[in-house]
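As structure tokens, the structure follows; a few thoughts come after it.
Chain identifiers are assigned alphabetically (A, B, ...) following the order of the sequence lines, protein sequences preceding nucleic acid strands; residue numbering begins at 1 within each chain.
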Amino acid sequence: MAEETTAEGDESTTNATGKPSSPVVGFFYQQKIIGFVFSPIPSNFHRRERVGTPKSYTNAASSTNPWNTQLRDLAKQGHYHQALHLYRSLLRSGSSPPTAFTFPFALKSCAALYLPLSGQQLHSHVVKTGCQSDPFVLTALISMYCKCRSVENARKLFDESPLSRTLTVCYNALIAGYTYNSGFLDAITLFCRMREVGLWVNDVTMLGLVPGCTGPMHMCFGMSVHGFIVKYGLDTDLAVANCLLTMYVRCGSIELARNLFDDMPEKGMITWNAMISGYAQNGFATQVLELYHEMESLGICPDPVALVGVLSSCANLGARKVGLKVEQQTESSRFGFNVFLKNALINMNARCGNLARARSIFDEMPEKTLVSWTAIIGGYGMHGQGEIAVELFDKMIKTGIKPDGAVFVSILSACSHAGLTGKGLGYFTLMERNYGLQAGLEHYSCMVDLLGRAGRLAEAHGLIESMPVEPDGVVWGALLGACKIHGNIELAELAFNRVIAFEPWNIGFYVLMSNMYTEAKDTEGVRRVRVMMRERKLKKDPGCSYVEYKGRTHLFMVGDRSHPQTEEMYRMLDRLEGLVKELDGYEKTDPERRNEELVNGVGVHSERLAISFGLLNTGLGMEILVIKNLRICGDCHLFIKLVSKVVDRRFVVRDATRFHHFKDGACSCNDFW
DNA sequence: TTAGGGTTAG
């Protein structure tokens, strides 16, 4: 049961300022705030409160002083280094001492550049010049301390200054500061106090408070804040709406974020970006591409932030054509030097099969970040070129870049896929010993995969048993996969039982186990797995594949004979199947020839239908069939389905369960994927 | 007309 607590006084009472107090009722459960009900705000509620400026400050000499105006302009344009340089010159010149007009801009520059020592020095200058009672200076000081991760100093200043307790802006700065420093409960408490003393909250208060909702457990609170904001019209502020949208994404409710997005009468670039990034981070790649196309059709030019989200989704979908278009868009725009965009381009090219292009982008980058290295190392790993990945990793360390957990996942996975067992084990040890990085589940699953692929199944099992964290389905799944490769039924049974405890709905594991029993001619085993599947009402999904056509990705399923062109299609498919068998034969007798043919592309054609395809080595122990050209007169829908039937039997087609069903009556496609 | 806030990569 949730206990209801009145956080602050009764509405009928008045406080020291003479204004009626505004109680906030919080619902607490197990000492955690789970919801809020806000009391009504008086009708004379103001969205923004103007602060009276002290007379001493408004003298013309202060605001028209050329030093001050120049400093203001530099800080406003984001030239913080130059602004601080100018401030120091002003001190050295001795011609005019800094005034209350000078400090906010200098403090803002320190905060933006994270210069806590300079900020403290500025604080002492403020005290020396007697400007600490200026509201703007005081707020800027509080904000500076918060941004410099010294929220205790900000609080001390706030508590020691009677002025701060009467100013909405000071509360706003400190609330935002608490949120920024992960002190969400402190932020809420201060918000309650602010209302208790009768101060008006405004949209900026909300901008400081809402980003504190960072996970599903804050969802309830976030929604009550949303209700409050709507009630008092704060949602008309674009920034507040953007903030709420991001809050929903972070709390895991992408649907509510989309509802808000659709309801917003006006959308800014940040609105589009927040929605696109929200979709991209949650794996809704198709929706990202849809929004991107919508932006284009509305004539809105996406900025680098949107393009990063689009590229990341192209990488996930393997949507090479859209990715290429974005790349060209980037080259012809002024965003060419954006590091985020370059990193996303490396990732997109690597994952869409163009490793050479990924490498040239990487090589041309004048400044490479840890993410740039991770992307290119991951790219080589993905394509089975572990040696180059290792070479790059070592080079990265030599350049003085400190690795993090993510780059270790890339290199361990690269070692695993290239069979570089010793190297991988070395890096795993190095990770903790030299860099103090604790191995997480992802690292352990790479290591189990690495040992398992090398046939060291007992060691892989031992590693799982020694893990300091509870192994998850991915870790046990890696062991199960390795048992399949090496035909170890006994250990496979153990891994299978563990993995289905984590993912009982994952049909793949049952199929894998059943196939192992079939290979071992253990009919009883096969029967047991089938019974389990039946009991759990699990049915094998029909095989499916997907294509990118006209910039959209479509899913298609197998099996259908209703089409008028069926006969012709099946003749083609027979020939296609013959070709695949022929290639199979080469695999044993002349593997080089097989690879050569596949890399160059092979195909069959008739008068109305044509298909050619090649292979892409993913380095993940599987090959992806790339349909290079498909020329069809008439409706190709069924033909694609049928091709996929042949294809699925021979090749692993990338997981396509997340994408839309095939709808287009496409008649000519080039360069599938 | 100076303070407080929202969106990006592996």
Side-chain angles (χ1 to χ4, degrees), chain A residues 48-51 53 57-58 62-63 68-69 71-73 75-76 99-105 107-108 111 134-144 146-147 164 167-177 179-180 201-211 234 237-247 249-250 268-278 280-281 302-312 315 335 338-348 350-351 368-379 381-382 403-411:
Chain A
R48 295 269 174 145
E49 189 184 42
R50 288 235 156 259
V51 174
T53 310
Y57 164 69
T58 46
S62 182
S63 56
N68 286 343
T69 47
L71 182 67
R72 176 196 64 195
D73 294 341
K76 283 186 97 173
T99 67
F101 193 89
T102 322
F103 290 118
F105 304 108
L107 286 164
K108 190 179 181 170
D134 179 89
F136 296 99
V137 176
L138 180 62
T139 316
L141 271 171
I142 293 172
S143 176
M144 178 278 293
C146 292
K147 295 259 172 67
S164 68
L167 293 176
T168 293
V169 279
C170 283
Y171 274 91
N172 287 354
L174 195 53
I175 286 174
T179 303
Y180 185 71
V201 300
N202 61 21
D203 43 3
V204 183
T205 320
M206 293 305 161
L207 292 172
L209 197 60
V210 174
L234 298 177
D237 187 293
L238 190 59
V240 173
N242 291 340
C243 204
L244 283 170
L245 202 159
T246 308
M247 181 272 289
V249 169
R250 286 187 183 149
M269 192 54 83
I270 289 181
T271 319
W272 286 96
N273 291 350
M275 197 66 241
I276 286 181
S277 311
Q281 285 158 12
D303 77 348
V305 179
L307 294 178
V308 162
V310 172
L311 284 171
S312 138
F335 314 139
N338 185 301
V339 179
F340 282 74
L341 209 41
K342 290 272 181 207
N343 292 342
L345 280 170
I346 295 172
N347 183 40
M348 183 277 294
R351 295 193 41 190
K368 301 166 179 66
T369 66
L370 175 58
V371 180
S372 325
W373 289 94
T374 310
I376 195 70
I377 290 168
M382 223 179 282
D404 68 352
V407 74
F408 270 106
V409 172
S410 282
I411 191 65

Which nucleotide wins on minimum distance to the side chain of [X], given the candidates [options]?
| X | options | answer |
| --- | --- | --- |
| A:Asn273 | B:dT7, B:dA9, B:dA3 | B:dT7 |
| A:Val169 | B:dT8, B:dG5, B:dA3 | B:dA3 |
| A:Ala173 | B:dG4, B:dG10, B:dG5 | B:dG4 |
| A:Pro211 | B:dT8, B:dG6, B:dG10 | B:dG6 |
| A:Ala176 | B:dT7, B:dT8, B:dG5 | B:dG5 |
| A:Arg250 | B:dT8, B:dA9, B:dG5 | B:dT8 |
| A:Leu207 | B:dG5, B:dG10, B:dT8 | B:dG5 |
| A:Thr374 | B:dT7, B:dG6, B:dG10 | B:dG10 |
| A:Val204 | B:dG10, B:dG5, B:dA3 | B:dG5 |
| A:Asn343 | B:dA9, B:dG10, B:dG4 | B:dA9 |

Measure [atom1]/[X] against [atom2]/[N] and give the value in whole Å, please.
| X | N | atom1 | atom2 | value |
| --- | --- | --- | --- | --- |
| A:Leu138 | B:dG4 | CG | P | 12 Å |
| A:Leu345 | B:dG10 | CG | P | 12 Å |
| A:Leu341 | B:dG10 | CG | C1' | 14 Å |
| A:Ile376 | B:dA9 | CD1 | P | 19 Å |
| A:Phe335 | B:dT7 | CZ | C1' | 14 Å |
| A:Leu71 | B:dT1 | CG | P | 16 Å |
| A:Ile175 | B:dA3 | CD1 | P | 19 Å |
| A:Met275 | B:dT8 | CE | P | 12 Å |

* What closest approach, in Å, do A:Val137 and A:Leu107 show between heavy atoms, and which atom pair accounts for it? ->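 The answer is O-CD1, 4.0 Å.
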* Of all the heavy-atom pairs spanning A:Pro211 and A:Met206, show the shortest one and how long it is. =>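 The answer is CD-O, 4.0 Å.
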Establish, with yes or no, whether the OP1 or OP2 oxygen of [N] is under 4.0 angstrom from a side-chain nitrogen or oxygen of [X].
| X | N | result |
| --- | --- | --- |
| A:Lys147 | B:dG5 | yes |
| A:Ser410 | B:dG10 | no |
| A:Gln281 | B:dT7 | no |
| A:Ser312 | B:dG10 | yes |

* Could you pull out all residues at least two apart from A:Phe103 that satisfy ring pair (Phe, Tyr, Trp, His ring centres under 6.0 Å)? =>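 With neighbours one apart ignored, the set is empty.
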Just to be sure I understand the rule, does [X] reach a base, reach only the sugar-phosphate, or reach nothing, if contact means heavy atoms closer than 4.0 Å?
| X | result |
| --- | --- |
| A:Leu370 | base |
| A:Phe105 | sugar-phosphate |
| A:Asp303 | nothing |

* Taking only residues two or more places apart in sequence, or in another chain, which ones meet A:Asn343 in a side chain to side chain donor-acceptor pair (under 3.5 Å)? ->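 For A:Asn343, the residues satisfying side chain to side chain donor-acceptor pair (under 3.5 Å) (neighbours in sequence not counted) are A:Thr369, A:Ser372.
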* Asked: Rounded to the nearest 0.5 Å, how far apart are OG1 of A:Thr139 and CG of A:Asp134?
  ->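 Result: 8.0 Å between the selected atoms.
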* Establish whether the base of B:dG5 is bridged to the side chain of A:Asn242 by a donor-acceptor pair shorter than 3.5 Å. =>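 Answer is no: no donor-acceptor pair is held.
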* Asked: Under the side-chain hydrogen bond (donor to acceptor under 3.5 Å, both in side chains) criterion, do A:Asn242 and A:Asn273 qualify, and how do the steps go?
  -> CA-CA 9 Å; A:Asn242 291 340; A:Asn273 291 350; over 6 Å; no
* State which residue, out of A:Asn172, A:Asp237, A:Thr168, fulfils the side-chain hydrogen bond (donor to acceptor under 3.5 Å, both in side chains) condition with A:Asn202. =>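 The residue from A:Asn172, A:Asp237, A:Thr168 that satisfies side-chain hydrogen bond (donor to acceptor under 3.5 Å, both in side chains) with A:Asn202 turns out to be A:Asn172.
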* Asked: If we require ring centres under 5.5 Å and near-parallel planes under 30°, does A:Phe340 stack on B:dA9?
  ->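 Yes, A:Phe340 stacks on the base of B:dA9, since the ring centres sit under 5.5 Å apart and the planes are within 30°.
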